[in-house]
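Have a look at the structure below before the remarks.
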Amino acid sequence: MKTERINKKTSERHQDIFVLDLTVNCYCRSTQHSIVFLKKGDFSPIPAPAKVNTARSLRTDASPRRRKKGRYIRCGREGTQSSSIPYEVAPTSLGAMLLLLLVLLCRTAIGRTSPLLEDDPCYDDTGLPLRCIPDFVNAAFGRVVVASSSEPTNPARYLTDLNNPSNVTCWTSDPAETVVNLTLSLGKKYELTYISLQFCGPKPDSLAIYKSMNYGETWLPFQYYSSQCRRVFGKSPNVPLTRSNEQESLCADARIGIEPSTGGRVAFSTLEGRPSAYDFDNSPVLQDWVTATDIRVVLVRVHPWSMGTLSPNDTESNSVYSVSDLAIGGRCKCNGHASRCRVDGEGSLACDCKHNTAGRDCEKCKPFHFDRPWRRATAQNVHECVGKWLSCPKFSGA
């Protein structure tokens with residue numbers, strides 16, 4: 001059995017989709033009687049008029065244009081002017097025809113905005129909404145850190161550059177400064193899992209981590225570290241966590257049980273030991289606890305106040321802070337209604353909201369979708385915003 005493979009040589013006025021059967025006849029799918037032929041060696045559609053006659057007697061055309069040698073078919077509609085298109089006959093198999101039909105079906109659906117075609121993790125294969133979250137990232141990578149003190153040869157940009165063990169770069173503070181702030185803006189709300197500092201020199205005896213939820217306007221304590229919590233920060237050390245205080249900052253000794261004292265790491269896990277962490281989706285307290293737009297690390301002192309407690313590796317000359325890497329692990333906060341964040345038209349980082357939600361964090365329903373109150377998506381219930389578009393009533397003229 002043979003079919004026609006048509007070279008691209010026709011008018012571009014017609015733009016509908018065709019159906020091709022095994023007898024080389026083309027049938028229209030719309031009242032515009034338009035057809036799309038298959039290019040030679042390709043599955044790209046070419047627009048053409050609608051009705052095909054393969055008789056060899058139709059090789060001539062009324063058109064004054066010079067015709068190329070070869071076989072022609074005539075496409076047109078009865079009662080309308082026809083045009084001829086060069087073609088070549090090529091053998092095909094039933095499998096190839098089935099593949100052709102599959103390609104055509106796919107092309108018919110390309111114009112639709114379907115979650116399946118977009119491969120959107122916020123919807124399943126049938127288009128039903130699913131809870132979705134952005135990828136886990138190091139939110140500090142490549143971002144600007146503002147340091148209150150730095151040596152010119154060891155700037156703060158070394159804190160968030162690529163952490164390469166074979167080529168370690170370290171930020172270093174001015175030796176004259178005893179208290180140093182490191183401030184980093186995340187650009188939008190994130191839900192944080194950890195904050196980590198890798199030190200080049202000795203780990204400081206005391207440091208504090210703060211967070212802001214309103215882009216640096218106010219600051220809240222996140223975690224304290226000190227060998228003398230009560231004396232330095234006025235906090236009792238190692239307080240047990242319960243549901244009544246799981247949103248409070250604690251104080252711990254960062255040096256206990258961690259060796260070496262030089263070149264070590266301090267890592268704060270935002271949910272570790274907090275009772276509601278295993279039911280995070282249903283804990284607004286912890287959802288608020290891990291949310292931040294900015295992070296500030298305050299390095300309070302290198303050595304304990306009582307110099308007799310210095311470790312063998314500490315010396316009087318080690319009086320500067322030196323950090324090779326500041327990492328902040330977390331996800332862009334989208335409340336379960338987006339799978340990614342991207343830069344919006346105003347140049348700000350925002351969630352690509354789904355489920356009829358809106359806002360930088362998908363924190364509200366979009367207009368005309370208020371039939372159900374907004375809620376954060378969970379694994380059990382997506383809480384998609386729903387509503388109806390209202391049409392204006394028609395009024396008859398007076």
Side-chain angles (χ1 to χ4, degrees), residues 130-137 139-140 184-196 207-226 229 233-252 254 266-298 327-339 341 349-351 353 355 357-365 372-385:
L130 299 172
R131 183 185 67 159
C132 49
I133 54 177
D135 293 336
F136 188 88
V137 297
L184 181 145
S185 175
L186 301 175
K188 81 170 295 294
K189 288 183 178 180
Y190 274 76
E191 291 182 338
L192 305 183
T193 301
Y194 69 83
I195 299 170
S196 171
L207 67 90
I209 302 175
Y210 295 87
K211 71 167 185 174
S212 174
M213 299 175 63
N214 52 14
Y215 301 94
E217 293 184 10
T218 58
W219 294 90
L220 300 171
F222 224 178
Q223 178 75 1
Y224 297 105
Y225 291 102
S226 180
C229 290
F233 297 117
K235 301 280 291 185
S236 298
N238 303 317
V239 174
L241 282 169
T242 65
R243 290 186 182 273
S244 62
N245 70 341
E246 62 182 354
Q247 77 281 9
E248 296 179 6
S249 58
L250 302 181
C251 186
V266 174
F268 165 54
S269 176
T270 59
L271 292 175
E272 183 179 2
R274 301 181 190 270
S276 299
Y278 297 101
D279 193 26
F280 182 79
D281 282 345
N282 299 307
S283 177
V285 171
L286 287 189
Q287 293 167 15
D288 187 70
W289 166 252
V290 301
T291 299
T293 60
D294 301 75
I295 293 295
R296 174 173 291 171
V297 177
V298 181
I328 301 175
R331 301 178 190 273
C332 195
K333 185 181 181 75
C334 297
N335 293 294
H337 295 299
S339 61
C341 281
L349 192 63
C351 297
C353 297
H355 307 155
T357 59
R360 289 189 68 182
D361 310 316
C362 305
E363 75 281 6
K364 60 184 178 181
C365 292
R372 179 188 300 162
W374 178 91
R375 290 186 64 184
R376 179 186 176 98
T378 67
Q380 293 74 33
N381 195 328
V382 179
H383 299 295
E384 182 182 31
C385 292

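Bear in mind the structure is a predicted one, so any value in this text is a computation, not a measurement. Heads up: numbering here begins at 1 and tracks the sequence.
Under the rule for a salt bridge (charged side-chain N to carboxylate O under 4.0 Å, His left out), D294 has no partner lying at least two apart in sequence or in another chain. Applying the ring-ring contact (aromatic ring centres under 6.0 Å, His included) criterion to Y210, with sequence neighbours excluded, gives no partner residue. Partners of R376 under the salt bridge (charged side-chain N to carboxylate O under 4.0 Å, His left out) rule, at least two apart in sequence or in another chain, are E191. In terms of the side chain to side chain contact (heavy atoms under 4.5 Å, CB included) criterion, residue partners of D279 (sequence neighbours excluded) are, by chain and number, N282. A search for salt bridge (charged side-chain N to carboxylate O under 4.0 Å, His left out) contacts involving R131 returns D281, not counting sequence neighbours. Under the salt bridge (charged side-chain N to carboxylate O under 4.0 Å, His left out) criterion, K188 pairs with D361, not counting sequence neighbours.
F222 has its ring centre less than 6.0 Å from the ring centre of F268.
Between V298 and I209 there is no side-chain heavy-atom pair separated by less than 4.5 Å. Residues C251 and Y225 fail the side-chain proximity criterion, which asks for heavy atoms closer than 4.5 Å. Within the 4.5 Å cutoff, side-chain heavy atoms of F136 are placed close to those of T193. R274 is listed as a side-chain neighbour of L286, based on a closest heavy-atom distance under 4.5 Å. Side-chain contact between R331 and V137: absent, with no pair of heavy atoms (C-beta onward) separated by less than 4.5 Å. Residues V239 and N245 have side chains in contact (heavy-atom distance under 4.5 Å, counting atoms from C-beta outward). Looking at heavy atoms from C-beta onward, H355 lies in side-chain contact with C132 at the 4.5 angstrom threshold. Within the 4.5 Å cutoff, no side-chain heavy atoms of E246 are placed close to those of W289.
Nearest heavy atoms, T291 versus M213: O-CG, 3.4 Å. Between Y215 and K189, the closest heavy-atom pair is OH-N, 4.0 Å.
Surrounding CD of E248 are more than 12 heavy atoms belonging to other residues, nucleotides or ligands, all under 6.0 Å away.
For the atom pair CZ (R375) and NE2 (H337), the distance works out to 10.0 Å, reported to the nearest 0.5 Å. Once rounded to the nearest 0.5 Å, the distance linking CZ of R296 with OG of S212 reads 8.5 Å. Taking CD from E363 and CG from N335, the interatomic distance works out to 7.5 Å, rounded to the nearest 0.5 Å. With rounding to the nearest 0.5 angstrom, the OG atom of S249 is 4.5 Å from the OH atom of Y224. Rounding to the nearest 0.5 angstrom, the gap separating the CZ atom in R360 from the OG1 atom in T293 is 9.5 Å. With rounding to the nearest 0.5 Å, the separation of CG in L184 from CD1 in I328 is 5.0 Å.
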- Message: Go through it in stages, so that I can follow the logic: the residues are H383 and W374, the test is side-chain contact (heavy atoms from CB on, under 4.5 Å), and I'd like the CA-CA distance, side-chain angles, deciding distance and then a yes or no.
- Response: CA-CA 7 Å; H383 299 295; W374 178 91; over 6 Å; no
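Side-chain contact check for S276 and R243: at least one donor-acceptor pair (N or O, by modelled atom type) lies under 3.5 Å.
No option in C351, C334, C353 other than C353 meets the disulfide bond (SG atoms under 2.5 Å apart) test with C362.
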